[in-house]
Enquirer: 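Structure below; questions to follow.
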There are 2 protein chains.
Amino acid sequence: MDIQIGLRETLIAAALRILETESEEPTLRSVARAAGVSAMAPYRHFPDKAGLMAAVANRGFEMLRSVLVIADDKPDPREAVFAQGMAFIDFARANPALFRLMYSHQYGHAGIDAVRDTYDVLARRIASILPMHAVTAATLACRSLVQGMATIELAGRLAPAERDDVAVALGLFVSGLGAGLG
Amino acid sequence: MDIQIGLRETLIAAALRILETESEEPTLRSVARAAGVSAMAPYRHFPDKAGLMAAVANRGFEMLRSVLVIADDKPDPREAVFAQGMAFIDFARANPALFRLMYSHQYGHAGIDAVRDTYDVLARRIASILPMHAVTAATLACRSLVQGMATIELAGRLAPAERDDVAVALGLFVSGLGAGLG
DNA sequence: CTCCAGAAGTATACAATGTAAACTCAATCA
DNA sequence: TGATTGAGTTTACATTGTATACTTCTGGAG
């Protein structure tokens, strides 16, 4: 008796595997093919293609969160924030297609739970540096900064010279954290 | 004798008009239909759909640049940087579909000229605040910050409470500009 | 055991999309 | 005049997401 995992999980895994190698969003049919089922089989487990993709994106946020948690393991808070930022960008570089899927507006209204968990790791760290009233804004700023650098780089809009500035820019931001309060 | 504008321009204008109303990327056929020509006519002026979309994105960057130039018209440099940042985000909010198109990775390797011009407006301002060696990184950081906030908001990943923090976060960043140097 | 209801998957069909190939037709120029 | 060429059309095709209708298997209720 084999270990049986449902088709639902198989489909998500197949989609993730395709996202690793292809740079475009997979077609529903290609995912079904990779899972060894017919083109209509996924509809037994997801309402439509967007439903499957939202589940995949959710999985992506869980992966991202675990990466951030590991990066966060530093004694110095600013160092931890910096490490989280770099880990975020490295994740985007390593999984460009998945990363784009995660922030595609088409799937924005599903799987919000995983997103919040993901950014809590950062918010908690920033709360240990800044006064309470500045935490949400600073967290948003940090999140946006790395998100923006990742988006710009993945869109091919970064000159080669600027590519090295990513870490510098993040360092600049982290150093400046808390400077503009009063 | 009427003023004759070529089909090329008509197609770009039609695509821009569709992008204003629809939230999805227009189909090539819908653009052709809006321009009153057959589905194959665009191929006389663009190598493929990506070619047309790249031209449209380029137009978007020109529009964005002119918005930034206007916002930049302030005596205080930091105020000007802040205004540019808000203008950037407002542009994304007002033209979500066009904005997404501009940063779609599929068209990343066309129209790089307009992109550079766009960010020169910001780089010049930052050069008036920071020492030379920090300008490129700080410009990248600022650009990324607003890009990230726009992307996150357009992806529907911003809680309503956080939406008001966008301006706060940008202000925080601008105030902190230059704090981490030494 | 029988039977059958529902779950899970398949086969087929269809409309929309990007694009290749072949055609039309007017303007240009030897 | 007559060939050429640029601009557009028509037709055709593979690929996609998905609706509809079919099959097949399984786990109880009688």
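Excluded from the calculations below are hydrogen atoms, water molecules and symmetry mates; all remaining heavy atoms, backbone and side chain alike, are included. Lettering follows sequence order; numbering is per chain, from 1.
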Enquirer: Measure centre to centre between the rings of B:Tyr103 and A:Tyr103, then say whether the value is under 6.0 Å.
Expert: no
Enquirer: In whole angstrom, what separates A:Met53's CE from D:dT18's P?
Expert: 10 Å
Enquirer: Let me have the donor-acceptor pairs involving side chains of residues 10-21 of chain B, under 3.5 Å, with sequence neighbours excluded, atom names and distances please.
Expert:
from    : atom 1 : to      : atom 2 : distance (Å)
B:Thr10 : OG1    : B:Gly6  : O      : 3.0
B:Thr21 : OG1    : B:Ile18 : O      : 3.2

Enquirer: Take a 6.0 Å sphere around CG of B:Asp76 and say whether it holds more than 12 heavy atoms from other residues, nucleotides or ligands.
Expert: yes
Enquirer: Could you state the atom-to-atom distance from CZ of B:Phe46 to C1' of D:dA7 in whole Å?
Expert: 14 Å
Enquirer: Determine whether B:Gln147 and B:Thr151 satisfy the following criterion, side-chain hydrogen bond (donor to acceptor under 3.5 Å, both in side chains), listing intermediate values before the conclusion.
Expert: CA-CA 6 Å; B:Gln147 167 76 40; B:Thr151 302; 3.2 Å; yes
Enquirer: State which of C:dT17, D:dT16, C:dT19 makes the closest approach to the side chain of B:Arg33.
Expert: C:dT17
Enquirer: Would you say the ring centroid of B:Phe99 lies under 6.0 angstrom from that of B:Phe61?
Expert: no
Enquirer: In whole Å, I'd like the distance from the NZ atom of A:Lys49 to the C1' atom of C:dT17.
Expert: 13 Å
Enquirer: Go through the structure and list residues passing salt bridge (charged side-chain N to carboxylate O under 4.0 Å, His left out) with B:Arg125, not counting sequence neighbours.
Expert: B:Asp72
Enquirer: I need the CD-P distance between A:Glu24 and D:dT16, as an integer number of Å.
Expert: 12 Å
Enquirer: Distance check needed: D:dT15 C1' versus A:Glu25 CD, whole Å only.
Expert: 15 Å
Enquirer: Write down the protein N/O and nucleotide N/O pairs, taken from nucleotides 9-12 of chain C, whose separation is under 3.5 Å; answer none if there are no such pairs.
Expert:
from   : atom 1 : to      : atom 2 : distance (Å)
C:dG9  : OP2    : A:His45 : NE2    : 2.8
C:dG9  : N7     : A:Arg44 : NE     : 3.2
C:dG9  : O6     : A:Arg44 : NH2    : 3.3
C:dT10 : OP2    : A:Ser38 : N      : 2.7
C:dT10 : OP2    : A:Ser38 : OG     : 2.8

